[in-house]
Number of protein chains: 2
Amino acid sequence: MSLPATVVTPPLVDQVDIVIPTIRSLDFLEQWRPFFQPYHLIIIQDGDPSIKIRVPEGYNYELYNRNDIERILGSKSCCVSFKDGACRSFGFLVSKKKYIFTIDDDCFVAKDPSGQEINALAQHIRNLVTPSTPFFFNTLYDPYREGADFVRGYPFSLREGVTTAISHGLWLNVPDYDAPTQLVKPRERNIRYVDAVMTIPKGTLFPMCAMNLAFDRELIGPAMYFGLMGDGQPIGRYDDMWAGWCAKVTCDHLGLGVKTGLPYLSHSKASNPFVNLRKEYKGLFWQEDLIPFFLNVTLPKECTTAQKCYIELSKLVKEKLVAIDPYFEKLSDAMVTWIDAWNELNPSTDGTPTGKVQPSKPK
Amino acid sequence: MSLPATVVTPPLVDQVDIVIPTIRSLDFLEQWRPFFQPYHLIIIQDGDPSIKIRVPEGYNYELYNRNDIERILGSKSCCVSFKDGACRSFGFLVSKKKYIFTIDDDCFVAKDPSGQEINALAQHIRNLVTPSTPFFFNTLYDPYREGADFVRGYPFSLREGVTTAISHGLWLNVPDYDAPTQLVKPRERNIRYVDAVMTIPKGTLFPMCAMNLAFDRELIGPAMYFGLMGDGQPIGRYDDMWAGWCAKVTCDHLGLGVKTGLPYLSHSKASNPFVNLRKEYKGLFWQEDLIPFFLNVTLPKECTTAQKCYIELSKLVKEKLVAIDPYFEKLSDAMVTWIDAWNELNPSTDGTPTGKVQPSKPK
């Protein structure tokens with residue numbers, strides 16, 4: 001059932017936006033052209049709006065700089081981070097598509113062990129349109145993949161799976177390490193291609209990285225807020241982690257699935273570990289309290305949409321996390337502003353997904 | 001840090017017993033000789049004790065048939081299954097070693113994608129002597145493996161990991177399917193080599209297969225009881241599943257880790273699906289109630305050893321599962337008998353492990 005690495009017909013071309021946060025150049029799109037050109041891009045220009053961004057010819061795109069964000073969101077633009085990759089959230093907000101694929105501009109096409117170029121976007125779509133299995137672990141990994149199935153002892157009542165909301169891809173070459181690990185292992189490169197996709201079990205948190213990430217915007221978009229990071233904020237490099245924790249507890253509550261594994265892309269360069277340490281050092285402390293907080297979150301039954309879950313989460317953040325740092329009060333308010341902006345720009349989606357994909361049956 | 005596929009010095013040769021349940025022949029040991037011969041074997045001869053089992057020359061082994069089991073355990077021998085692979089539990093009971101590796105006699109040496117023969121036992125030992133990470137998911141899989149580490153966003157307080165108690169290996173060629181799946185997919189073969197070891201998160205159950213399994217006998221042996229299966233029992237082919245559910249909730253309670261993934265071996269032949277269906281059909285129903293039971297088990301704080309956990313589990317089985325079938329009353333009693341037998345044969349182990357391996361630190 002798996003898609004070939006290179007597909008002739010690009011899958012779901014009218015239902016996917018590619019969201020890219022960027023500072024100067026989009027040259028990396030030349031390499032991705034065979035896979036990305038059929039799709040629509042949403043580019044969020046971070047930093048100085050007067051800088052001219054070059055988008056390779058032939059691409060169909062919208063580009064938003066800070067002035068656009070302020071024009072469109074007005075006073076609500078304060079919830080969109082500035083001078084930080086977290087600005088990508090704005091793209092999720094203005095998209096009108098069912099699926100989002102977001103990628104960093106230092107990520108290139110990787111090759112699988114046979115030497116074939118990996119169509120990361122096609123694999124993400126495959127991950128998203130096939131079910132997840134969060135309630136029981138399948139030892140042969142993705143049971144919906146060709147040549148695999150549920151093993152002996154897997155309860156039959158759980159084999160239909162649940163709808164997948166998030167597909168988290170991985171990185172060959174430069175791994176996604178924190179600053180301390182970068183400093184300790186400056187030369188470590190990831191060369192191991194693990195040929196697997198798996199569901200992250202219900203109740204388990206994971207570090208969600210936004211370098212290579214896709215999700216169902218209708219189902220989980222409102223929980224994919226990348227927080228307040230970068231300029232004027234005491235923290236950076238925790239934008240995707242924050243979104244990941246919030247989105248995972250929301251998926252667990254709503255009975256949606258989160259997958260990780262394939263596809264790989266090639267991450268070209270490690271960012272400066274000293275700069276990273278400055279950005280993330282508060283996060284290194286704070287996460288020690290944030291993880292237990294998220295592990296213990298329980299959302300009320302009435303929260304039947306990602307929006308409702310997210311508003312509830314914002315209350316819990318204010319109630320429980322402000323003791324860590326006053327920053328969390330500001331963040332809690334920004335979470336509410338984000339949902340206000342979401343509802344304003346997406347009036348038709350009251351959280352009841354319109355084009356919900358039915359999980360395909362296990363073979 | 002990973003061991004090469006073929007090790008010159010066999011690891012922990014004095015601390016491992018290989019336990020094999022068998023009916024007629026151990027010819028498969030000829031193929032495993034380079035890897036197994038340095039180790040001590042415990043062979044449990046199932047079925048007719050008068051049949052002569054041929055063990056290839058050069059192996060150091062103990063062989064127990066049904067007469068031996070009855071002589072050694074007396075009235076307690078009723079807890080050891082007859083005419084079923086579940087008889088292997090007896091080997092765990094009489095072993096005096098820290099680690100057990102158990103394998104079925106239709107499992108052969110597999111090759112990795114480079115064509116090298118896989119030393120399954122060495123990989124299991126490596127899995128067992130390095131820590132597990134059950135409290136948070138690491139997206140680059142085993143963080144203690146060479147070339148890997150914890151990714152950005154992984155809490156530092158959890159990077160020491162916990163002691164590993166179980167290493168569950170996988171199978172190339174014939175996958176471990178239940179009878180319905182065997183019937184539907186008679187020709188399916190597993191040809192995908194997934195180069196990963198991972199920890200099964202706390203709170204998540206998995207289908208533990210005994211074809212290729214290793215564990216720390218001191219830490220989790222008492223919970224590795226394969227139940228009442230086969231001759232005179234209403235169920236078969238759920239022996240390892242039962243042990244897996246009991247052992248996983250015990251590990252979760254005691255803060256021990258369970259890994260799955262590498263090593264692979266090659267499973268040579270699918271057993272008869274019609275025979276299997278007859279053996280397992282009650283299990284197909286029952287597991288629908290057993291999984292929720294095990295997911296909801298909470299053990300009291302006072303249960304600080306596998307023995308104590310297992311006695312507590314036996315009480316819960318009697319209390320909650322007898323409504324499914326009277327069989328579970330008999331099983332509950334057998335669980336108690338098993339622990340009695342364990343304590344009798346292992347008087348020095350009151351559940352306080354003597355030679356506890358300290359988890360090695362993350363690199």
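- With a 4.5 Å cut-off on non-hydrogen atoms, A:L205 touches chain B through its backbone and its side chain both.
- Within 6.0 Å of atom CZ in A:F293, more than 12 heavy atoms from other residues, nucleotides or ligands are found, so the atom counts as buried in its surroundings.
- Across all their heavy atoms, B:A148 and A:R192 have their closest contact at CB-NH1, 4.3 Å.
- Checked against side chain to side chain donor-acceptor pair (under 3.5 Å), B:Y177 has the following partners two or more places apart in sequence or in another chain: B:E188.
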side-chain contact (heavy atoms from CB on, under 4.5 Å) between A:Y141 and B:V194, intermediate numbers included: CA-CA 9 Å; A:Y141 311 101; B:V194 174; 3.6 Å; yes
Should A:W171 and B:V151 be marked as a side-chain contact (heavy atoms from CB on, under 4.5 Å) after you check the CA-CA gap, both sets of side-chain angles, and the distance that decides it? CA-CA 11 Å; A:W171 340 277; B:V151 298; 4.0 Å; yes
Decide yes or no on side-chain contact (heavy atoms from CB on, under 4.5 Å) for A:F137 and B:K248, but give the supporting numbers first. CA-CA 12 Å; A:F137 192 92; B:K248 183 59 166 59; over 6 Å; no
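- Of residues 259-269 of chain A, those residues lying under 4.5 Å from chain B by any heavy-atom pair are A:T260, A:G261, A:Y264.
- For residues 173-183 of chain B, the pairs satisfying salt bridge (Lys or Arg N to Asp or Glu O under 4.0 Å) are A:R152-B:D176, A:R159-B:D178, with sequence neighbours left out.
- For chain B, the option among A:F206, A:Y193, A:W245 with the highest count of heavy-atom pairs below 4.5 Å is A:F206.
- Only the backbone of A:R189 comes within contact range of chain B, judged by heavy atoms closer than 4.5 Å.
- Among residues two or more places apart in sequence or in another chain, the side chain to side chain donor-acceptor pair (under 3.5 Å) test is passed with A:D142 by none.
- For the residue pair B:F156 and A:P180, the shortest heavy atom distance occurs at CZ-CG, 4.0 Å.
- Taken to the nearest 0.5 Å, the CG atom of A:L140 stands 5.0 Å off from the CG atom of B:N190.
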Check the pair B:F136, A:I291 against side-chain contact (heavy atoms from CB on, under 4.5 Å), reporting the backbone distance first and the verdict last. CA-CA 9 Å; B:F136 200 81; A:I291 301 298; 3.4 Å; yes
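- Proximity to chain B involves both the backbone and the side chain of A:S157, based on heavy atoms less than 4.5 angstrom apart.
- When heavy atoms are compared at a cutoff of 4.5 Å, B:Q182 does not approach chain A at all.
- For the options A:N138, A:I191, A:D195, heavy-atom pairs under 4.5 Å to chain B are most numerous at A:D195.
- Closest of all the heavy-atom pairs between B:P201 and A:P201 is CG-CG, 3.8 Å.
- For the set B:M198, B:H168, B:M208, the count of heavy-atom pairs under 4.5 angstrom toward chain A peaks at B:M198.
- The local environment of CZ in B:F294 is crowded, with over 12 non-hydrogen atoms from other residues, nucleotides or ligands closer than 6.0 Å.
- Both the backbone and the side chain of A:T139 come within less than 4.5 Å of a heavy atom of chain B.
- Only the side chain of A:D240 comes within contact range of chain B, with at least one heavy atom under 4.5 Å from a heavy atom of that chain.
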